[in-house]
Amino acid sequence: MSKAPHRTQVGIVGAGPAGLFLAHLLHRHGIESVILESRTREDVEGTIRAGVLEQWTVDLMEDLGLGERMAREAHFHRGITLRFAGESHHLDFEDLTGGKRVTVYPQHEVLKDLIAARLAQCGEIQFGVRDVALHDLTSEQPRLTYTTGEGEPAELRCDFLVGCDGSQGTARRHIEGRTEYGHLYPFGWLGILVEAPRSHHELIYARHERGFALLSTRSPEIQRLYIQCGPTDDPADYPDELIWSELHRRLETVDGWTLTEGRIFQKGVIGMRSFVCDRMQHGRLFIAGDAAHIVPPTGAKGLNLAVADAVYLSRGLECFYRTGQAGELERYTDTCLRRIWKAERFSWYMTTLLHTNPAESDFEHRIRLADLDYVVHSQAAATALAENYVGLPLD
Ligand code: FAD
Ligand code: DHB
């Protein structure tokens, strides 16, 4: 038997950072929403992904009243360390950007805070739904049909639909007339989680002839590390000893610094691509976050970019409900794309700067080293990297 259709103002597909931030931002403006999520709450809250928040994302969480646990448990760093050509250089972002910091607070912790707070507001998030389908997108009453977690067919009638369904989602396919731009990288990251104390007080990004390596953290007891690998490598082909030997060689390029080992309890390979969809609206459907754009992880932009879309869309919807004018909503794609292309550029830049590419000539390799040398010795170049890393201001 199907449930009676129910109604909300904004129907959101996907309880990732884009969907959850959007629901909170709309709630602040008194706009109702319902989120439909295909995974279980445990799965959403347990998937390890991003680690770094831009300064304005941190400020937004505080502004939304969601910053309490982050203030206690996040790691706030002044900057990052870059290692290459046997040298180590610290970039002090706090000095370079007038006080902005690097905040390491994992995506799944952000999601836990957003979900708990949304449920405490009696906001509706339906987990474990299936067969979500989008209908009547160019009418004033678009609909979502789906199967609930309990297996019942259901319908949600809305004023607007938002596809926040990530890179594998289907909402994007409804955007007519779109052009998609993409770039594949000939490498990936093998990411591990390790039970070990911290080896360094900040993140270390290393360019080494054997490939990129990154030292990050999750908590005083758990560390997150990555090494460059093949794009489709199988983590099973990387025994622990091989991973540690690569990490030691790529990161320990400076006398006296050693990496602390520990028990590896999770391994995974991430492919890398850049992708932009040049339209983010069709009728009353909007798309936000990874549904519309992907960046390679170097430089930690993906989550933050998803949140920026949610901010711009919430502004357009707030304006529409307050004034009846759709102008700001109509400008949503253009407003987002200006930020998206800058984040795409920065992520591509950080990726090509720090990875060794089998197809790269000796000439290109030396150009990358010269670029790194420039970044660590020029205040202007360091400032440009710093302001992108901590997050460009929102328009
Ligand atoms: P998602 O987080 O993918 O959320 C989409 C949601 O929609 C999912 O929960 C999915 O289950 C749901 N969904 C999909 N299809 C359907 C459907 N049909 N019906 C219902 N629900 C559906 N970014 C950073 O900013 N900083 C970092 O440090 C960083 N590090 C990263 C490290 C790794 C290893 C990876 C993989 C990514 C990293 N990113 C980072 C990127 C970041 O994780 C993503 O950009 C971010 O999750 C995008 O958020 P989103 O809400 O758009 O999509
Ligand atoms: C992490 C991921 C990134 O992509 C990055 O640039 C820095 C840190 C992380 O997962 O901690």
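For ligands, and for the atoms within them, numbers begin at 1 and follow the listed sequence. Hydrogens, waters and symmetry mates are skipped; everything else that's a heavy atom, side chains included, is used.
- Atom 1 (P) of ligand 1 has its nearest heavy-atom neighbour, among K301, R49, Q168, in R49.
- The two residues A382 and L91 make their nearest non-hydrogen contact at CB-CD2, 4.1 Å.
- Under 4.0 angstrom from ligand 2, the non-hydrogen atoms of R218 all belong to its side chain.
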Query raised in the report: Are L156 and H6 close enough, and set up right, to give a side chain to side chain contact (heavy atoms under 4.5 Å, CB included), and what steps lead you there?
Result: CA-CA 5 Å; L156 182 62; H6 69 306; 3.7 Å; yes
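- A cation-pi contact links R345 to Y349, judged by a cut-off of 6.0 Å to the six-membered ring centre and 45° from its axis.
- A salt bridge does not link R172 to D165: none of the charged nitrogens lies less than 4.0 Å from a carboxylate oxygen.
- Closest protein heavy atom to atom 3 (C) of ligand 2: P297 O, 3.7 Å.
- Taking any N or O of G19, backbone or side chain, none lies under 3.5 Å from an N or O belonging to ligand 1.
- R143 has a carboxylate O that lies under 4.0 Å from a charged side-chain N of E155, or vice versa, which qualifies the two as a salt bridge.
- Ligand 1 places these atoms under 4.0 Å from at least one heavy atom of L36: 20 (C), 21 (N).
- Look at D395 and R338 and you find a salt bridge, because one of the NZ, NE, NH1 or NH2 atoms lies within 4.0 Å of a carboxylate O, short of that distance.
- For atom 43 (O) of ligand 1, the closest non-hydrogen atom on the protein side is Q107 OE1, 2.7 Å.
- Ring-centre distance between W244 and Y238: not below the 6.0 Å cut-off.
- Listed by number with element, the atoms of ligand 2 under 4.0 angstrom from any heavy atom of V52 are 7 (C), 8 (C).
- Listed by number with element, the atoms of ligand 2 under 4.0 angstrom from any heavy atom of S216 are 8 (C), 9 (C), 11 (O).
- In the vicinity of L203, heavy-atom distances shorter than 4.0 Å reach the ligand 2 atoms 7 (C), 8 (C).
- Salt-bridge check for R207 with E360: passed, with a basic side-chain N closer than 4.0 Å to an acidic carboxylate O.
- Here atom 22 (C) of ligand 1 lies nearest to S38 when heavy atoms of A18, G16, S38, A306 are compared.
- Against a heavy-atom cut-off of under 4.0 Å, G299 is close to the following atoms of ligand 2: 6 (O).
- Between R339 and D309 no salt bridge is recorded (no basic side-chain N to carboxylate O distance below 4.0 Å).
- The side chain of W189, and not its backbone, has at least one atom closer than 4.0 Å to an atom of ligand 2 (non-hydrogen atoms only; side chain from C-beta on).
- For atom 17 (C) of ligand 1, the closest non-hydrogen atom on the protein side is V13 CG1, 3.9 Å.
- For A300, a nitrogen or oxygen atom sits less than 3.5 Å from a nitrogen or oxygen atom of ligand 1, counting backbone and side chain alike.
- Among the atoms of Y226, some N or O lies under 3.5 angstrom from an N or O of ligand 2.
- With hydrogens and angles disregarded, no donor-acceptor distance shorter than 3.5 Å links the side chain of E94 to the backbone of K100.
- Protein heavy atom closest to atom 11 (O) of ligand 1, with residue, atom name and distance, is E37 OE2, 2.6 Å.
- With respect to H355, the ring-ring contact (aromatic ring centres under 6.0 Å, His included) criterion is satisfied by exactly one of Y185, F212, W348, Y226: F212.
- For V52, a nitrogen or oxygen atom sits less than 3.5 Å from a nitrogen or oxygen atom of ligand 1, counting backbone and side chain alike.
- For atom 14 (C) of ligand 1, the closest heavy atom belonging to the protein is D165 O, 3.1 Å.
- For ligand 1, the atoms closer than 4.0 angstrom to any heavy atom of V132 are 19 (N).
- Near G289, with a cut-off below 4.0 Å to any heavy atom, the atoms of ligand 1 are 52 (O).
- Under 4.0 Å is where a charged nitrogen must lie from a carboxylate oxygen, and between K267 and D240 at least one such pair does.
- Using a cut-off of 4.0 Å between Lys/Arg side-chain N and Asp/Glu carboxylate O, R322 and E318 are scored as salt-bridged.
- Nearest-heavy-atom check against atom 53 (O) of ligand 1 across A291, G14, A292, G166 picks out G166.
- Ring geometry, H89 versus F84: the interplanar angle falls under 30°, so the pair is classed parallel (tilted spans 30 to 60°).
- Listed by number with element, the atoms of ligand 1 under 4.0 Å from a non-hydrogen atom of C164 are 5 (C), 6 (C), 7 (O).
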Query raised in the report: Between S361 and E364, is a side-chain hydrogen bond (donor to acceptor under 3.5 Å, both in side chains) present by the stated rule, with each step listed?
Result: CA-CA 5 Å; S361 64; E364 285 164 314; 3.2 Å; yes
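- At a heavy-atom cutoff of 4.0 Å, ligand 1 is contacted by both the backbone and the side chain of L303.
- What sits closest to atom 6 (O) of ligand 2 on the protein, heavy atoms only, is Y205 OH, 2.6 Å.
- Judged by a 6.0 Å distance limit and a 45° cone about the ring axis, R315 is not positioned over the six-membered ring of Y312.
- Counting only heavy atoms of the protein, atom 28 (O) of ligand 1 lies nearest to G51 N, 2.9 Å.
- Looking at N304 against ligand 1, both its backbone and its side chain come within 4.0 Å, counting heavy atoms.
- When D290, V44, D43 are ranked by how near their heavy atoms come to atom 48 (C) of ligand 1, first place goes to D290.
- Checking R198 against H75 by side-chain atom types alone, a donor-acceptor pair falls below 3.5 Å.
- Of the options P17, G299, A50, the smallest heavy-atom separation from atom 27 (C) of ligand 1 is shown by A50.
- Only the side chain of I270 comes within contact range of ligand 1, with a heavy atom under 4.0 Å; no backbone atom does.
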